[in-house]
Amino acid sequence: MNSTDIQIALCGSAGDGTIAAGDILRNAVAALGYRVICFDVYPPEIRGFGKCISRVRITTEQTYALKRQSDLLISLDDSHAIPHAGEVRTDGAIIYESKPVGHCPEGSHMSSHILPGQIPYGIPLRELAEKATGGARSRNLVVLGVIAGLLGFSPVPFQKIIEKKFAKQGPAVVSRNQAGFQSGYDVGVNTFKLDNVFCVPQESNPAAGKVVMLSGNAAVVQGCMDAELDTFFGYPITPATTIMERLATAMPKRGRRLLQTEDEISAIAATIGAGYTGARSATATSGPGLALMAEMLGLATMAEIPCVIFVSQRGGPSTGMPTKTEQSDLNAALYGSPGDSQRIVIAPTNVEGCYRCAGKAFEMSEQYQTPVIVLLDLYLSNRYETVTLTESGPPFTLNANKPLRRLEAGESYQRYAFTEDGVSPRAVPGDSGCMHVVTGLEHNTLGRPNDSEEIHTAMSRKRHDKLLAALHHPDFTVTKRIGHSGRIKVGILAWGSTFGECLEAMFMAHAEGISCASMKVVMLSPFPVEAVTQFMDDCDQVLVPEVNYEGQFAQLLQGILARPVVRLSRVPGSPMPVELILSEIRRLAGVV
Amino acid sequence: MTLMEKHVFVDEKLQEVRESGRLEYRSRSLPTWCPGCGYFAIVEGLTHACNTMGIAADQAVVVSGIGCSSRFPFFVNLFGFHTRNGRVLPVATGIKTANDKLTVIGVGGDGDGFAIGGGHIAHAAKRNVDITYLLFDNGIYGLTKGQASPLSAIGLRTSTTPFENPERPLNPLMMLLSYGASWVGQAYAGQPDHLREMITQAIAHRGFSYLHILSPCVTFDKTSKTYTNLSMKVRKLPAKHDTSNLMEAMQQAQDLDNPAVGLYYQQFRPTLSDTFDQVIALSAGEGRGA
Amino acid sequence: MVAQVSSSASAPHRYVIIGNGVAGNQAAEGLRDRDPQGQITIITNSRMLFYNRYLLPELFREHKDWRALLAHPAEHYEKRRIRVLRDCWVTSVDSRKRQVMLAHNEAISYDTLLVATGGRPYLPEELAECRRLIHPFGSYENALAVRKALPENGSVVMLGGDMIGLDLARTLLERNFRVVLVTHENSFWPHQPVGDERTKFLAILEKMGIEVVDGEAQGGVVAIEKGASGLPDRRVRFRQGGDIYGDIVMSFYGLQPLVEFMMGSGTDIERGLLVGTNLRTSDPHIYAAGDVCQIWSEKDNVYRFYYGHRNVRAMGAVAALNMTGGNEHFSTTQDEALFQNEQGHIDSPFWAYD
């Protein structure tokens, strides 16, 4: 065995430090050179005793989604963890508290729920924490130590991260927490290992570039910063808020401006205002906020003003399920504006894609003078992955504006001049002699209101045709086919975060000898008709898995291509189960 | 003093206007407003102000929403952004945030500002965005042909209040004063010289300046805010009015029967731009530590 | 076997078995056969499922993974609906409430309880202080530690050689390790050959290649120490002043029944739990089977232990029958004498395993 692929699930009650432990774990293993994908699930309430789960998949090779089964389950609260005991695979292990405080009603202790094929490790976590730190609070660090010891991870990166994390609270707190970790580590190292969960020690990462651990939202922020975002306007909404929060720290340090506005309408309005001046500007929201932005998005389309909108979807409609993931804002992103208001919509499929899409969104928005919506979802926003950043600097163009021509004497500047590619050179306030008015009214080339049939037809064509060039935008993956080439039995067409699950299912199907391939569609508007058609031509059957009820992407496909597809639409509030996709692949391939 | 009081000869007037240089700020588009509309005086006032202050035409942006007033940008030769109903202030905030050097003037009617866009005013005022907001109050929705607005007088018959408007109007000056706007003034389109002076002062103010302009709609309001009525009612603020005294300003603002024109209140405090600079400075300090 | 007892549908009968050895597992299988609805729970302090400890010497042959030792694969327990609570320590039994108390403060309720905890290796008090320097051989984990600690062709000093030790010794010799046996009065536990017979068996041991040291002649072992540098890792000192060296030291003084947790339960205990031939203790809801119990012997008029795999398995079966309303009696079928096998090696019916 020379590669690693394990998944650890930490489960506890809010306040147990579950998510914090997951955070330390993922950063430590990333520092050890592993590839990491993580996703935390926590309750919408800030306080209370809701369930928190942090899942960390640690691998040698790049993977695309979490696994359904975990190799290790760590229980910091049996009442929450017991329902997840079944998630642990045979010969995997469950680590739990062997000396809980107080009476434990019959059946409430993890030991009664461990399946015969799973390995129980009852560890006196509380007792170890108390001995090492004088209190039970650091149970989460003790358990991290146990994991590290059991799996043979070097304790060094753990201790470093603990030091960094608690540095602000002073050296006493740091050493106390390190002692907690160490006491668990000693137990882990000396625990007789019965499970078969193994990690092959990782050489320092050979990949070119810098490997960093980022959440989807953090990757968006990194992409924004690398694309030199000038201004950001936002209104808090789960699960997009952390984009604004991270930018609020990052932007001022680079002398840039961020404003928390009074609502999403003003957020998009200000974003458009800033975009109008030539600045790179963005906002971030979720479905309900996108709904409020719809009107102003139409203005940006009509007035041809660059702006970037990050939309992280959650369960809907209305307030819906704020802390549950869903892909049900596709229609709103594509169509949510009055009039013929096509805009560019792109949806990354993984964390690295979040980075690239964020940066490229600014390029496209400038180059095609149109709003660009980057569609994420809660699962993608909040999941962590190791991402390789190129050493040679950000792969983004910092000025994608069409050059402005010097005006002839007596010539009036035509903001909306017809050109071959439909993009008119854009003057912004401050450009000498180029005063003009941009408007949400239909207008002529000068920007003057005009509602004649000729103008409205020509301008509508201009606003739509100019977007087609985005399908060939430089250094941007519009679609990508992965898997078997040539004729295949089952083709999986997917968008957004679900693509990771599709790939995992596809690789499993490959192992079963099923001929299949997957295509991710990153650009949803304008739609890559040619590439998708070619792919569908190769497939006996096309499966479209997506996390929404209506099958919005399938509808889009069928509307444009008028071809049959098999829908796999589910709304579990969590990522699409890989097994479900796999069983559909099997069914379509005629394998039972 | 009105134009009626002395003879004016067209040739002389044209020469005076051309020499003044303010035509530079007028666009070639002719205003689409009804003859006699108060808004003509506002265009005149703004071009005068720009001219007086020496603002370069390509360094100023006029932002408007929707309504009769919001056609304004088309009639001046400045950069203009004709946006959506009620969104003047957030768009202007975005523009000013992105480019401090620009002179940003928001224009809009009473419906645009106090109905659909009402939520934004408090926040622009609170943040002290360094923009000027010219609010054209004709007490009616003109462009959509005469419906009631939040500033319509009680008892006004409009197409949506055919049995008289039952609601009392808002008191915009009171609202702006309590929101903490750092410059609050009122002018009357029937007094163009004073209006021009007030616009100039409002633009010159560093911070959020709100100028409420009483301006008759000659087409849809024949009974309430007419030139006749307003010319009788409008008064000047007392000479001894203390513009730094908020309570005194509020007291004056209570008088809706005899609206007073002039500068109600002015305060000097950090603008949004200043607070951005402050955040950037603070973050630099933290940056060293991290 | 036809089910003779069945739990009522509304409340399945709760059978709890403490101990995960031969007796406990045999009983669990019997209970399942007899009561398809019953709820069967095995409680064990081991983290492993049931594996046969008789097979531990195999570790010194080609053994690779502990799973190979398991009596049944994990699925067996799911199929048979036998719940195994592993890594759980029983602290006491409350026979009045009919509850088994666990160290993590959970009480497991039973309708009928079977105690089948077996025994732990006995260590004489005078050696208690040296415990850390003695390699135990009670579990898979122990056995693996021995294998790890033993260098190639290394030497093992065995203090005494009960039937578990002698079985291990046979395997170690086969694998070219050196085995030194220090005798004591219980060297052939649980057999008790005396006089000439003992001498005969000691001679056989020597013939097999075991170096026999007469521990009693040396006045017994008084201490075990770390060997000085350059010498093997362990030094065993005798009262008379002599010493011997070995890479590891193991002790084989027989087994001691594991009954401490039953002390407050009200059941009769001598050295083990006292049961009749129906394996019921003095508490009608508590049974015992295996090395933990002393069974009334009509013939000897005494409560006595019966060792060996076959005996223990038979006890598990009888207990299961009686716990489900049967009326069976345990009687040993094993010949208990040591003998010399065809290879000329010492052999015991206790090693028979089938």
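Protein chains get the first letters and strands the later ones, always in sequence-line order, with residue 1 at the start of each. All values reported here derive from a predicted model rather than from experimental measurement.
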Option in A:Gln118, A:Glu97, A:Lys99 with maximal non-hydrogen atom pairs under 4.5 Å from chain C: A:Gln118
Does CZ belonging to C:Arg131 count more than 12 external heavy atoms closer than 6.0 Å? no
Chain C contact via A:Pro105 - side chain, backbone, both or neither, heavy atoms under 4.5 Å: backbone
Which value, rounded to the nearest 0.5 Å, describes the distance between A:His113 atom NE2 and C:Leu85 atom CG? 9.0 Å
C:His104 vs A:His109 aromatic rings, parallel, tilted or perpendicular, using cut-offs 30° and 60°? parallel
Just to be sure I understand the criterion: a residue of residues 122-151 of chain A counts if one of its heavy atoms is under 4.5 Å from a heavy atom of chain C. Which ones qualify? A:Gly122, A:Ile123
Report which part of C:Arg83 has an atom under 4.5 Å of a heavy atom belonging to chain A: side chain, backbone, both, or neither. side chain
Is it the side chain or the backbone of C:Thr41 that comes within 4.5 Å of chain A heavy atoms, both, or neither? neither
4.5 Å side-chain heavy-atom contact, A:Ser98 and C:Asp87: no
Side chain / backbone / both / neither for A:Asp195 at chain C, heavy atoms under 4.5 Å: backbone
Return yes if some donor-acceptor pair links the side-chain N/O of C:Asn105 with the main-chain N/O of A:Cys104 below 3.5 Å, else return no. no
Distance-minimising heavy-atom pair for C:Ile108 and A:Glu106: CA-OE2, 3.6 Å
Between CZ on residue C:Arg67 and CG on residue A:Leu194, distance to nearest 0.5 Å: 7.5 Å
Looking at A:Gly102, A:Gly107, A:Pro116, A:Ser108, which one has more heavy-atom pairs under 4.5 Å with chain C than the rest? A:Pro116
Is there side-chain contact between A:Ser112 and C:Glu106, with heavy atoms separated by less than 4.5 Å? yes
C:Arg86 to A:Ile119 - nearest heavy-atom pair and separation: NH1-CA, 4.3 Å
Within this structure, what is the OG-CG distance for the pair A:Ser111 and C:Leu102, rounded to the nearest 0.5 Å? 6.5 Å
Within residues 83-92 of chain A, residues adjacent to chain C where the heavy-atom gap is under 4.5 Å: A:Asp91
